[in-house]
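Following: one structure in structure tokens, then a few remarks.
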Number of protein chains: 2
Amino acid sequence: MNSVAIARIDNAGPGAPKTARGARTRARILKAAEEAFGTLGYHRAGIADITRAAGVAQGTFYTYFAGKEQTLRELVRDMGHQLRAHLEAEIAGARDRLEAEEKGLRAFLQYLHDNPSLYRVLQEAQFVDETIYRDYYEAFGRGYVRMLADATRKGEIRPGNNEVRVWALMGIANFLGLRYALWEQDTPFDDIVATISDLFRNGLAPGGDKEKS
Amino acid sequence: MNSVAIARIDNAGPGAPKTARGARTRARILKAAEEAFGTLGYHRAGIADITRAAGVAQGTFYTYFAGKEQTLRELVRDMGHQLRAHLEAEIAGARDRLEAEEKGLRAFLQYLHDNPSLYRVLQEAQFVDETIYRDYYEAFGRGYVRMLADATRKGEIRPGNNEVRVWALMGIANFLGLRYALWEQDTPFDDIVATISDLFRNGLAPGGDKEKS
DNA sequence: TTGAAACATGAATCGGTATTCATATTAAAT
DNA sequence: ATTTAATATGAATACCGATTCATGTTTCAA
């Protein structure tokens, strides 16, 4: 009885699978959780919804996850990695920072359109445990600031407070994504990117455009 | 028994108070709900938390509100009105659109700092009932687009897709507010406004500043 | 003053759901 | 083939919190 209890406790953590079968099952559950959280939302989604979609019994969930919240945590981490990897690949060919911003924004909009769960999972995580959310954006922001610093050094953008800029840029992408990639696709991504590109190249103020390369 | 049931049902709605005392109580409950939702979050905040803070019994809550969700709905409406009224007043003296954007951003940051509940209540509403959130931003956006259209007509800003711009601008304010007004106040609002103002006046691209008035 | 409507109470109800557990089944090693 | 660890099961548990309701108290008009 005692040994059983200890075994349970040791097992309480993530319980990494030790078998191919286990790995498959765990992955199925995680994907099912992403879908459930993404469509129903974190609170409305029950463990039952997740396990039903994964095709396993409710108890199986706890073989691999310590609870609902840990699952959300892991999902945010995974989805963040995926997104970042995707964006980095997409902006790889850019000649300069402004072009990278254009490519990055377009890629982000498209990615959100194709993976709508990302937005909801991430935003909801904010209210389940704020540190999940903060960590995500602070990590994202740190990398972004580094890129802007490089660009400043290369003379591709004006000197300025790059940290503030980064949060502004993340806000732009976030809201445009919500409005034009998730809610209504009534404006072509090209138009959106062109509008924001014009903002970055010329600002909002009137007056002659700057020289183009 | 039947008449009682009917009376209950008729009463189920908002149950507008008919007495000064009732009005006071309702207002106390609403303010308590704002605080509870703002600090604990919508899901964690229980009716008991609200009524305790308001100094009334749990049942009293249902004398004035149909339920937890309706309360959130009403809060978002109220807080939205307040914020908009405040911002309109703050940008009233602006000479042109760019100055209005500066004043508006500074006022928004300050308002968020002073009323931190706004952010959380609004953002969480998104996942309780998306229409609450959409309505809020679409209403906000409509007014904003009108202002940019005016500014375009007056030649204060470059022609462009003002709807896209508005969503970008709302995103900027939102993220800067979250980062610099709610999370860490490590950067003076003046610096933030100056950075964003430079973005609006000159873009990110290098090259000579435009003429100043 | 009095009676009815409005307001207030708080304990009980009631539904829901995250988590546990005793019990099978399956996979790999000896 | 046998044994043991890993996986899987799903009903039972256990808790939580939104809502209700029978009852008491206050307000206010007549």
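All of these numbers come straight from a predicted model, not from anything done at the bench. Residue numbers begin at 1 in each chain, while the letters A, B, ... track the order of the sequences.
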Spell out protein contact along nucleotides 25-30 of chain C as letters: B when the base is contacted, S when just the sugar-phosphate is, - when no protein heavy atom is under 4.0 Å; keep the 5' to 3' order.
-SSS--
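Nearest to the side-chain atoms of B:Ile47 among the listed nucleotides D:dT19, C:dT20, D:dT7 stands D:dT19.
If you take CE on B:Met170 and CZ on B:Phe108, they are separated by 10.5 Å, rounding to the nearest 0.5 Å. Taken to the nearest 0.5 Å, the CG atom of A:Leu109 stands 12.0 Å off from the CZ atom of A:Arg179. Taking CG from B:Leu75 and CG from B:Leu122, the interatomic distance works out to 11.0 Å, rounded to the nearest 0.5 Å.
The distance between atom NZ of B:Lys68 and atom P of D:dT20, rounded to the nearest whole Å, is 15 Å. In this structure, A:Phe61 places its CZ atom 9 Å from P of C:dA18, rounding to the nearest Å. The distance between atom NZ of B:Lys18 and atom C1' of C:dA8, rounded to the nearest whole Å, is 17 Å. Nucleotide D:dA18 holds its P atom 8 Å from the CD1 atom of B:Ile50, rounded to whole Å. Residue B:Arg52 contributes atom CZ, which lies 19 Å from atom P of C:dA8 at whole-angstrom precision. To the nearest angstrom, C1' of C:dT19 lies 14 Å from CD of A:Glu69. If you measure from atom CZ of B:Phe65 to atom C1' of C:dA8, you get 15 Å, rounded to the nearest angstrom. Summarising the geometry, the separation between CG on A:Leu40 and P on C:dG16 is reported as 15 Å, rounded to the nearest angstrom.
In this structure, A:Glu35 does not pair ionically with A:Lys31, as no charged nitrogen and carboxylate oxygen lie closer than 4.0 Å. Under the 4.0 Å criterion applied to side-chain N and carboxylate O atoms, A:Arg120 and B:Glu130 are not assigned as salt-bridge partners. A salt bridge is defined here as a Lys NZ or Arg NE, NH1 or NH2 lying under 4.0 Å from an Asp or Glu carboxylate O, and B:Arg84 with B:Glu88 fails to meet this definition.
With B:Arg201 as the partner, the salt bridge (charged side-chain N to carboxylate O under 4.0 Å, His left out) test is satisfied by one option alone out of B:Glu101, B:Glu102, B:Glu156: B:Glu102.
Contact annotation: B:Tyr64 side-chain N/O to C:dA8 OP1/OP2 distance is under 4.0 Å. Using a 4.0 Å cut-off, no side-chain N or O of B:Tyr62 falls inside it from OP1 or OP2 of C:dC7.
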What protein N or O atoms touch nucleotides 10-14 of chain C N or O atoms at under 3.5 angstrom, if any, and at what distances?
{"from": "C:dG10", "atom 1": "N7", "to": "B:Gly59", "atom 2": "N", "distance (Å)": "3.2"}

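Taking for each of B:Arg24 and B:His43 the nucleotide of DNA chain D with the nearest heavy atom, the 5'-most of the two is the partner of B:His43.
Looking only at atom types and distance, the side chain of B:Thr131 has a donor-acceptor partner in the side chain of B:Asp129 under 3.5 Å away.
If you check every strand for non-hydrogen atoms under 4.0 Å, B:Ala45 touches sugar and phosphate atoms only.
Between B:Trp167 and A:Phe175, the two ring planes are tilted [angle within 30° to 60°].
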